[in-house]
Every structure is written in structure tokens, then in C-alpha cells.
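Report on the following structure.
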Amino acid sequence: MAQKPSIPKGTRDFNAEAVAKRSYIIETTKEQFQLYGFQPIETPSFENSETLMGKYGDEGDRLIFKILNSGNFLFEKNTIELPESLNTLMLKSLDELSISEKIELNKFTDGISGKALRYDLTVPFARYVVQHQNDIVFPFKRYQIQPVWRADRPQKGRFREFYQCDADVVGSKSLFQEVEFVQLYDAVFNALKLDGVTIKINNRKILSGIAEVIGAQDKLIDFTVALDKLDKIGEEKVKEEMRSKGISEEGISKLQPLFSLKGDFGNQVKSLKSILSVSEIGLEGIKELEFINTAISNLKLKTATLQLDVTLARGLNYYTGAIFEVSAPEGVKMGSIGGGGRYDDLTSIFGKPDTSGVGISFGLDRIYLVLEELGLFPNTITDATKVLFINFGEKEALACLEAVTQLRQKGIKAELYPDAAKMKKQMTYANRRNIPYVVLVGKEELESKMFTLKTMETGTQEKLKLQDLLQALL
RNA sequence: GUGGUUGUAGCUCAGUUGGUUAGAGCGCUGGUUUGUGGUACCAGAUGUCGUGGGUUCGAGUCCCAUCUUCCACCCCA
């Protein structure tokens, strides 16, 4: 036997059932997006390298799949210039390179690879907005559901090819957008019958404010990354990490009230206010949160809960205001199943400043796993063939095909077994495909122009005229 | 990127300190039943033991490399 074929690490094949379940999630989500006024767009699978590189931090750059240019690099006309410090570069890992060496390496990489696979949907979306700004009507509400690729190490619920499902609005600073996104999360998960999710909310301005109060403005990212781990590694380890990042003991002690922050939205806000009383930006963040919370309390959510979580930080690189994260209902072991936030400056990297955006994302693969675990996929999802015609031979098969054609015209999913195989084999085929009805047309039926309809589950069968057969299967 | 883990039949997995011809269950094919499936019984087929090197008289078993699986970290959806 030849060597078994395989697929690359971190990729998957989907069978009919998986496709049906995935499209159920996607279609349900799309429906809600459209109810909220979002329009679909799509962007290419790969972008020019410079569109993506440098937008996700060093860590992100490392995980971008680069596409090798085609052609013969050694051919006279295409020759690539090797970096001057080639020998040094060969001895160092990415982290050890100096800035000038990095520039040199990037230049070389650009020479052999000018394109890269899409790493997320947000940056290509920003590119889209800037590129088509004259045709777009602002505020621009779009949704996008497409695969993205990351050269990551796969883990549970983490792949190298996976779908993202984003909805964003650009060109409006209104906090009503945030309010609507909270409602949208609630609506989508409600439509998926996934009750009891928690929508956690925070605000980058509050994080900035806290960093300011403890004198760690310059270490904002280190500070928030550490704080973000609170429910995972606990208070002591978080403090330890902050110390190791050079945050002062005095500052850490000022954080103490933060660790014991409890209670409902109102109480948390109260204690936050006292911590942040000297920080203008922090108080602004609180004001924004209060606005959103008040609106949501008045509007009411169907099944989700809105919760303030000051430790929520997420990929901080572009969020500037509200930060969202959705976690699965209690009892389900799964990380976040969605996230998002406001970014005030994303399009300025492509030359269009002052365009505020806010958006949310759904973790399709994880939602799939959660729905699977809780048994929330409807049974009707995989409606396969309803009736199989047993093939007794050429003449009989021909008569069957006529009936099959008529059934199909009535919208009944019907098929004829292609070969005049043994009856047992054909029946087994029906069983394995979960086809509930079988029609037998042999010599006898052919002469009397009747059809024997057999219900597989009960084993009962009856002889019917074509008209009655149609009726019975409708 | 760091540390660990996994790979044997279509699937799930056994396989002793290295020792003749590598096994089980399920599935598959055929038969009991030449026009009636799921059950039962009978018979049968299937493996470059992930791949490539090495050690050895001898390797599924030991060593090295590589790919793959899963997990923790980093990061993230």
C-alpha cells in the first residue's frame, strides 16, 4: 500500500455532519448580524506582507505565514541580495537581533516573500476601510466570516487554520455602539440556545488610569498582561510577575483593593472611583462603563449576563476604550468564546487618522465545541436522503428513476442505488446512511406498476401507486 | 519559540529483560438467506509496527534525527 496521505499540522478535514453544524452556527450568527444592520464583506486570503507585518507585535509577526515568491531566485534577473551581516544573522535567534539587524533581515525576507496569509480579519478590514474610504458610507457596519492562518503550535481548540467571525463599526465614537454590541452578543448566543454566557467588560482607560496611579504608565502592557492572569494563576503569582517586570512594591500595594474587588457593577465602580480619583483618564473610563451598564440594565439582556472585570486586558495592542470578552456558561471548560473592543486609531496605520472603530469577534471553533458538549445542536441539522430506491436491474432501475425524478420535483430527497447489487448490500447502505425509507421495485411491481414502500425503522411495508407513494413521503 | 507526550490493521488499542510466522475487539468482505437491513452463527481479507538512519547474530521493543498527536508555557480565537 502506498504511504498514507496526511494534512499539515493544525489543519482539519470536516465531514458532512461537521459542515452542517458549522454552517448552522454561521447562518444563525449571520442572521443576527443582519438584523443589527451589518453588511458582509470579504477580503483576500493573502495580503501584501507590509499590510500585515508589524501590526501584531513581534510575537504576532512570528506567527504570520509568509508566502514564498515564485520563480528562480538564483536566476540572473531575480537574484536576491543576501544581507551584509549574513554570518551574524545565521547565529542569532529572532529575539537576539539588534534593530538594524532586524531591518536587514526583513529586507531579505521581503525579497523572497512579498505576500502573507491573513492573520486576522481586523487588520485587513482596516486596510479595506482606508483603501475604499471614498466609497464607504460612514458609520460603516460590516461583518466578515472567513478563515485566518497562524503558524502557532496547535492545542485544544487552537488550530493553524480557523475561522473568525467579526462584526465592526467604524466612523462612530458613540457609546451606543458598545451597547448594541453587548445586545448583539446576547442575541447571537440566545439564537444558538447557548444560555448563561457571561459578557465581561472592561475599559482600557481604566487600566491606563490604574497604571498611572501606581506609577507604571510606561509598563502598561506588562502590567495588564500580569493582571489579566489573575483568575488563572492567583493573586500572589500576579504580584510576583509584576515585581519581576519592575513595578514598584509601593505601586503593587496600591493595587490591593483591586484584588478584593467584589460585588455588583455598582459596588465595583464605587471602589474603582476611589482608587482612580486622581486619574482623569481612569475616571473617564468609569464614566463610559457606567453609561453602557445603565443602558443595558434598562434594555435588559435575554440570557447573557454583563459583568465588570477589571482584570480583563486581551490583546492590548490596538484597543483604546471598551474591552469585551465572552466566557462559556459555568461548568463548561473552555476559554473565551468571543472578544472585542474599541480601537480609536487602527486605520491611522494605513494613513487615515481619527476614525474610531469598535467590534466584536466570535470564536467559531470553540462555540462548536461548547454546543457539542452541551448537546445544543438541533437534530434536524443533517437532513440527508429520505428514500432509497433499491436497484433490481436495468429495467426496474429505469422505472425507479422516473419515480425518483418526480419525488425530487416535490422536494423529497431521493436516490437510486447505482448498481444492481445484492439486496443485503443495498439495505445495509440505507442503514448506514440513516435513510428512513426504502422503495422496492422488482419484476412483480414493474408489471403491476406499483411501488413497495418499506419503513426501515419498523420493517413494515406496503404496496402503493406512484401518486400514493408521493403522498406518503411528503 | 521553550518543556513534555503520542504514533502498531479502516477505527480503538494489547504486544514481557530485544528472540521464530505481530495480536484482540469493533468495522469490512463472503456465506447460512439466488427479492428484504439492523440480531445470531460460520468463514475470510487487511499491516514497509509514522519516516529515515544507527547499535545488534537478531529491533515493534534500544539509540539518534525528522514528521505527527495531545498537553503546559509564551501568545492567543
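Here is the naming used below: chain letters follow the sequence lines, and residue numbers restart at 1 for every chain.
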Start with the C-alpha gap between A/Thr43 and A/Gln144, add the side-chain angles, then the distance that decides, and say whether side chain to side chain donor-acceptor pair (under 3.5 Å) holds.
-> CA-CA 9 Å; A/Thr43 63; A/Gln144 192 170 353; 3.0 Å; yes
Please list residues of residues 440-451 of chain A whose heavy atoms come under 4.0 Å from any atom in RNA chain B, ordered by number; otherwise none.
-> A/Leu440, A/Gly442, A/Lys443, A/Glu444, A/Glu445
Among B/A77, B/G35, B/C75, which is the nearest nucleotide to the side chain of A/Ser336?
-> B/A77
What integer number of Å spans the C1' atoms of B/G60 and B/A9?
-> 14 Å
Note: A/Arg118-A/Glu47 ion pair, threshold 4.0 Å (strictly below) = no
Write down the distance separating the C1' atoms in B/G47 and B/G7, rounded off to the nearest Å.
-> 14 Å
Check every strand shown and say whether A/Gly393 touches a base, only sugar-phosphate, or nothing at a heavy-atom separation below 4.0 Å.
-> nothing
Shortest non-hydrogen pair, A/Pro44 vs A/Arg127, comes out as CD-NH1, 4.2 Å
Taking atom types as they are modelled, is there a donor-acceptor pair under 3.5 Å from the base of B/U68 to the side chain of A/Lys9?
-> no
Do you know the tightest heavy-atom contact between A/Asp152 and A/Arg160?
-> O-CD, 2.9 Å
Using only side-chain N and O atoms of A/Lys229, determine if any of them is under 4.0 Å from OP1 or OP2 of B/C74.
-> yes
Between atom NZ in A/Lys245 and atom C1' in B/C74, what is the gap in whole Å?
-> 10 Å
Look at all strands and tell whether A/Gly60 reaches a base, only sugar-phosphate, or nothing, counting heavy atoms closer than 4.0 Å.
-> nothing
Which one, B/A72, B/G37, B/G31, comes nearest to the side chain of A/Lys422?
-> B/G31
Please determine, for the side chain of A/Arg366, which listed nucleotide (B/G37, B/A77, B/G35) has the closest atom?
-> B/A77
Figure out the CD/P separation between A/Glu59 and B/A77, and round it to whole Å.
-> 12 Å
Nearest non-hydrogen partners of A/Leu227 and A/Thr311, listed with the distance | O-CB, 3.4 Å
Closest to the A/Lys425 side chain, choosing from B/U29, B/C76, B/U36 = B/U29
Establish, for the pair A/Arg12 and A/Phe159, whether the NZ or CZ atom is under 6.0 angstrom from the six-membered ring centre and no further than 45 degrees off its axis.
-> yes
Indicate whether any N or O donor in one side chain lies under 3.5 Å from an N or O acceptor in the other, for A/Glu445 and A/Thr452.
-> yes
Same-atom distance (C1') from B/U20 to B/G1, integer angstrom = 48 Å
N/O donor-acceptor pair, side chain A/Arg153 with base B/U2, under 3.5 angstrom | yes
Closest heavy-atom pair and its distance - A/Gly341, A/Phe324 | N-CD1, 4.0 Å
Distance flag, aromatic centroids of A/Tyr417 and A/Tyr429, threshold under 6.0 Å | yes
First of A/Pro8 and A/Phe392 reached from the 5' end of RNA chain B, by closest nucleotide | A/Phe392
Using a cut-off of 4.0 Å on non-hydrogen atoms, how would the nucleic acid contact of A/Phe159 be classed: base, sugar-phosphate, or nothing?
-> base
What integer distance in Å separates A/Leu312:CG from B/C76:P?
-> 12 Å
Of all heavy-atom pairs linking A/Lys200 and A/Leu312, the shortest is O-CD2, 3.6 Å
Between CG of A/Leu453 and C1' of B/G35 the distance, given in whole Å, is 16 Å
Would you mind classifying the nucleic acid contact of A/Glu457 as base, sugar-phosphate or nothing, using non-hydrogen atoms under 4.0 angstrom?
-> base
With P as the reference atom in both, quote the distance from B/U61 to B/U16 in angstrom, rounded to an integer.
-> 11 Å
Could you state the atom-to-atom distance from CG of A/Asn391 to C1' of B/G35 in whole Å?
-> 13 Å
Determine yes or no for a side-chain-to-main-chain donor-acceptor pair under 3.5 angstrom, with A/Asp344 supplying the side chain and A/Ser356 the backbone.
-> no
Side-chain contact check for A/Arg432: nearest option of B/C74, B/G27, B/U32 is B/G27
What interatomic distance, in whole Å, is found between P of B/U33 and the corresponding atom of B/G23?
-> 33 Å
Centroid-centroid under 6.0 Å between A/Phe38 and A/Phe181 rings | yes
Nucleotide B/C11, atom C1' - distance to CG of A/Asn15 in whole Å = 14 Å
C1'-based separation of B/U8 from B/A22 [nearest Å] | 9 Å
So which one's nearest nucleotide on RNA chain B is more toward 5', A/Lys454 or A/Arg150?
-> A/Lys454
Please state the P separation for the pair B/G18 and B/A59 - nearest whole angstrom.
-> 13 Å
Ring-on-base stacking between A/Phe162 and B/A77, under 5.5 Å between centres and under 30° between planes: is it there?
-> yes
Indicate, yes or no, whether a donor-acceptor pair under 3.5 Å links the base of B/C70 to the side chain of A/Arg158.
-> no
Among the nucleotides B/U36, B/G37, B/C28, which one has an atom lying closest to any side-chain atom of A/Gln461?
-> B/U36
Per-residue pairing states of RNA chain B in dot-bracket (Watson-Crick or G-U under 3.5 Å; . unpaired, | other strand) read ((((..(..((((.....[...)))).(((((.......))))).....(((((..]....))))))..))))....
Determine the interatomic distance between C1' on B/A45 and the same-named atom on B/U29; round to the nearest Å.
-> 7 Å
